[in-house]
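Report on the structure given below.
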Amino acid sequence: MSATSDNGDDLDLPAAEDAASTGAAADSSDLDERLQALPRLLRYAMLVKEGAFHIEERLVAEISELCPSLPQTAHWTTALSADAGLALAAELDKRAVSLDQPVLRSLSDCVRLLCLPLPCSADTFDDYRRVGKALVEAFRKACRDIDEELRCDLEGVTYGWAALPACRDLLSKHVGAAANATTLGPIMAEHRIIAAKAEIRRKLKEAEERRNTEKAEDKATTAEQQTEAAVDTIPEQHLVVARLSPEEMKNVKLKDILGPLKSVINAPLPLVEVPPLQEARNALLFEFPYAIDVIDFALADLVGRSTIRLRPLLIVGEPGGGKSRFARRLGEVLGLHVWRTDASRSDGAVFGGTDRRWYSAEPCHPFLAIAQGKTANVLVLLDELEKAATRSDYGRLWDCMLGFLEPETNCRYPDPALQTNLDLSQVSYIATANSLDPLPSPIRDRFRIVTFPKPTANHLDALLPAVIADLAKERGFDQSWVLPLDGVEREALAKHWPGGSVRLLRRIVEAILRERDVRASRN
């Protein structure tokens with residue numbers, strides 16, 4: 001009889017030479033054809049997996065072919081215990097050496113495969129390890145020439161056996177080690193399959209994200225190209241205030257700053273055109289009949305212009321005369337977006353913009369006004385300019401204003417947050433002040449100064465319609481719902497308002513209307 005390979009298997013033995021080694025012994029003729037080419041140990045492992053009948057009898061038949069009338073064989077056949085099986089396996093190992101029949105080692109491994117119970121003691125560890133090693137070696141040889149489904153089954157049995165000692169809590173105590181190995185292997189494979197599916201999903205998601213990113217980048221590139229083309233061809237009566245390169249637009253430090261500003265960067269913004277000045281004058285005269293000289297002084301700056309730009313204007317007058325309201329209404333009547341800054345609560349570091357290295361970085365206030373109004377010629381109202389802080393810790397507002405008021409510098413203002421030059425040349429600035437005394441001379445030199453008068457008692461009838469309309473608007477009423485003051489109310493108003501503060505006039509009229517509402521509710 002010819003010897004087999006060094007590991008005791010019989011892969012190279014032809015069926016004619018050794019019927020037992022090929023699995024063609026008694027009761028083995030019903031084996032699946034796909035199993036007949038496998039090494040003996042793998043064949044028996046698959047028989048266990050498939051739940052075949054009389055597996056031990058088949059192995060006994062093969063042993064009896066080579067070692068007839070072996071007492072250990074008869075004992076195992078009768079007892080089918082682990083001890084009897086291990087005794088038979090040990091005898092087969094001895095005969096393999098003494099008779100120089102390596103095939104008997106293969107049979108002894110099969111006996112161990114079938115008889116070993118669950119791993120529970122160190123005494124049988126060497127037996128488990130031997131069978132495991134033989135399974136791995138046989139699987140490596142067989143997996144090259146078998147179909148994928150059988151390869152998966154054999155892999156599950158092989159590595160399920162190897163995992164037995166570490167997975168005692170997952171094993172069934174009612175069956176032996178081989179049956180548990182055939183169950184444990186698919187469980188391990190299932191986790192590998194789940195992990196593989198998760199990895200595939202992860203890679204597909206990453207690929208999808210890459211595609212979306214590439215699409216977004218392509219779209220952004222197209223938009224940038226369109227923006228650049230639009231910037232290069234600026235329509236008439238438009239102005240590009242801020243220009244940033246595509247690289248600067250992607251700067252992570254500018255992400256939070258650019259969010260609300262993207263629509264006014266690299267975009268031609270419209271310039272509000274001058275309305276009919278006579279209509280604007282009449283609208284202002286209706287509300288400020290006592291300030292005709294100031295109205296004419298302000299509007300004269302627009303004569304002959306197509307778009308609105310007022311030279312810096314400083315309105316000085318006593319408190320309560322309506323300076324701030326006039327400045328706001330002037331911008332609204334002209335159709336400008338008005339941005340109001342309380343000078344007493346502002347400083348140069350805030351109004352002029354904060355450097356991007358600070359977490360609170362933001363562009364200068366004139367550019368924020370432009371972003372809010374979506375036009376390039378907004379009106380910035382600086383209320384109570386004389387009350388601006390005089391400390392220079394964060395830069396005085398007065399000093400900061402100089403760069404915005406000079407034509408040479410406001411057309412290329414270096415914004416500290418965006419770190420680019422802004423064209424703010426079309427922004428109009430109107431400031432109010434109760435007194436000129438605190439203002440430094442550089443500020444006075446750059447503003448056109450006009451004194452805002454206080455109304456007299458003679459202006460009462462002219463002021464009343466505008467005051468009532470304004471109060472009705474604050475209440476959310478239509479002006480037509482508020483009746484004019486009757487004779488008694490008019491007389492009471494004239495008695496308590498001799499002229500002067502419009503703020504006081506509004507309070508008195510508001511009190512009269514409130515009293516009117518109380519009387520109406522009583523009746």
Check against salt bridge (Lys or Arg N to Asp or Glu O under 4.0 Å), E199 and R202: CA-CA 5 Å; E199 179 67 12; R202 185 185 65 79; 2.4 Å; yes
Close side-chain approach of T354 to P416, heavy-atom, < 4.5 Å: no
Value rounded to 0.5 Å, distance of OG1 in T420 from CD in E248: 6.0 Å
Partner of R243 by side chain to side chain contact (heavy atoms under 4.5 Å, CB included), out of I265, N266, N421: N266
Shortest non-hydrogen contact from A361 toward D355: CB-O, 3.1 Å
Atom pair CZ (R105) and CG (D93), whose distance is rounded to the nearest 0.5 Å: 5.0 Å
Contact summary for T182 and A45, nearest pair of heavy atoms: CG2-O, 4.1 Å
Heavy-atom donor-acceptor pair, T158 side chain to E155 backbone, under 3.5 Å: no
Residue pair Y44 / C110: nearest heavy atoms and the distance that separates them: CD1-SG, 3.8 Å
Chi angles and distances behind the side chain to side chain contact (heavy atoms under 4.5 Å, CB included) call for L310, L330: CA-CA 11 Å; L310 297 169; L330 173 62; 4.1 Å; yes
Inter- and intrachain pairs under salt bridge (charged side-chain N to carboxylate O under 4.0 Å, His left out), touching residues 412-432, at least two apart: E408-R412
Minimum side-chain heavy-atom gap I146-L38 below 4.5 Å: yes
Shortest non-hydrogen contact between T409 and G403, atoms and distance: OG1-O, 2.7 Å
Whether over 12 other heavy atoms sit under 6.0 Å from E236 CD: no
Residues D383 and T432: side-chain donor-acceptor under 3.5 angstrom: yes
Side-chain heavy atoms of L99 within contact of L66, under 4.5 Å: no
Reported OG-to-CG distance for the pair S263 and L258, which is rounded to 0.5 angstrom: 11.0 Å
Within-4.5 Å side-chain heavy-atom neighbours: V350 and T341: no
Check: F367 ring centre within less than 6.0 Å of Y413 ring centre: no
Test item: N377 side-chain N/O and V272 main-chain N/O as donor-acceptor pair under 3.5 Å: yes
Whether F351 and F404 hold their rings parallel, tilted or perpendicular, with breakpoints at 30° and 60°: perpendicular
P363 to A417 - nearest heavy-atom pair and separation: N-CB, 3.7 Å
Salt bridge present between E214 and R211 (N-O < 4.0 angstrom): no
Backbone N/O of L424 and side chain of N410: donor-acceptor pair under 3.5 Å: no
Distance (rounded to the nearest 0.5 Å) between E91 CD and H75 NE2: 13.0 Å
Whether Y159 side chain and V136 backbone form a donor-acceptor pair below 3.5 Å: no
Check: S64 side chain, A61 main-chain N or O, donor-acceptor pair, under 3.5 Å: no
Sidechain-backbone polar pair: R446 side chain, E406 backbone, donor-acceptor under 3.5 Å: no
Working for side chain to side chain contact (heavy atoms under 4.5 Å, CB included), residues V380 and H365: CA-CA 9 Å; V380 174; H365 279 205; 6.0 Å; no
R140/E137 ion pair, N-O < 4.0 Å: yes
Check: R112 and L86 side chains under 4.5 Å, non-hydrogen atoms: yes
CD/E209: more than 12 non-hydrogen atoms of other groups inside 6.0 Å: yes
Atom pair CG (L114) and CG (L41), whose distance is rounded to the nearest 0.5 Å: 9.0 Å
Test: R130 and D127 ion pair at under 4.0 Å: no
Approximate separation, where rounding is to 0.5 Å, of S324 OG and L382 CG: 10.5 Å
I257 side chain near L418 side chain, heavy-atom distance below 4.5 Å: yes
Any side-chain heavy-atom pair of R95 and C67 under 4.5 Å: yes
Contact summary for Y429 and M401, nearest pair of heavy atoms: CD2-CE, 4.1 Å
Residues K374, L269; criterion side chain to side chain contact (heavy atoms under 4.5 Å, CB included); working and verdict: CA-CA 7 Å; K374 301 294 188 297; L269 301 178; 5.6 Å; no
Polar side-chain atom of S346 near backbone of D342 as donor-acceptor pair, under 3.5 Å: no
Minimum side-chain heavy-atom gap W339-I370 below 4.5 Å: no
Any donor-acceptor N/O pair, S428 side chain to L379 backbone, under 3.5 Å: no
Verdict with supporting geometry, L271 and I308, side chain to side chain contact (heavy atoms under 4.5 Å, CB included): CA-CA 7 Å; L271 293 166; I308 299 174; over 6 Å; no
Under 3.5 Å donor-acceptor, R328 side chain and R340 backbone: no
Side-chain donor/acceptor of R151 to backbone N/O of C143, under 3.5 Å: yes
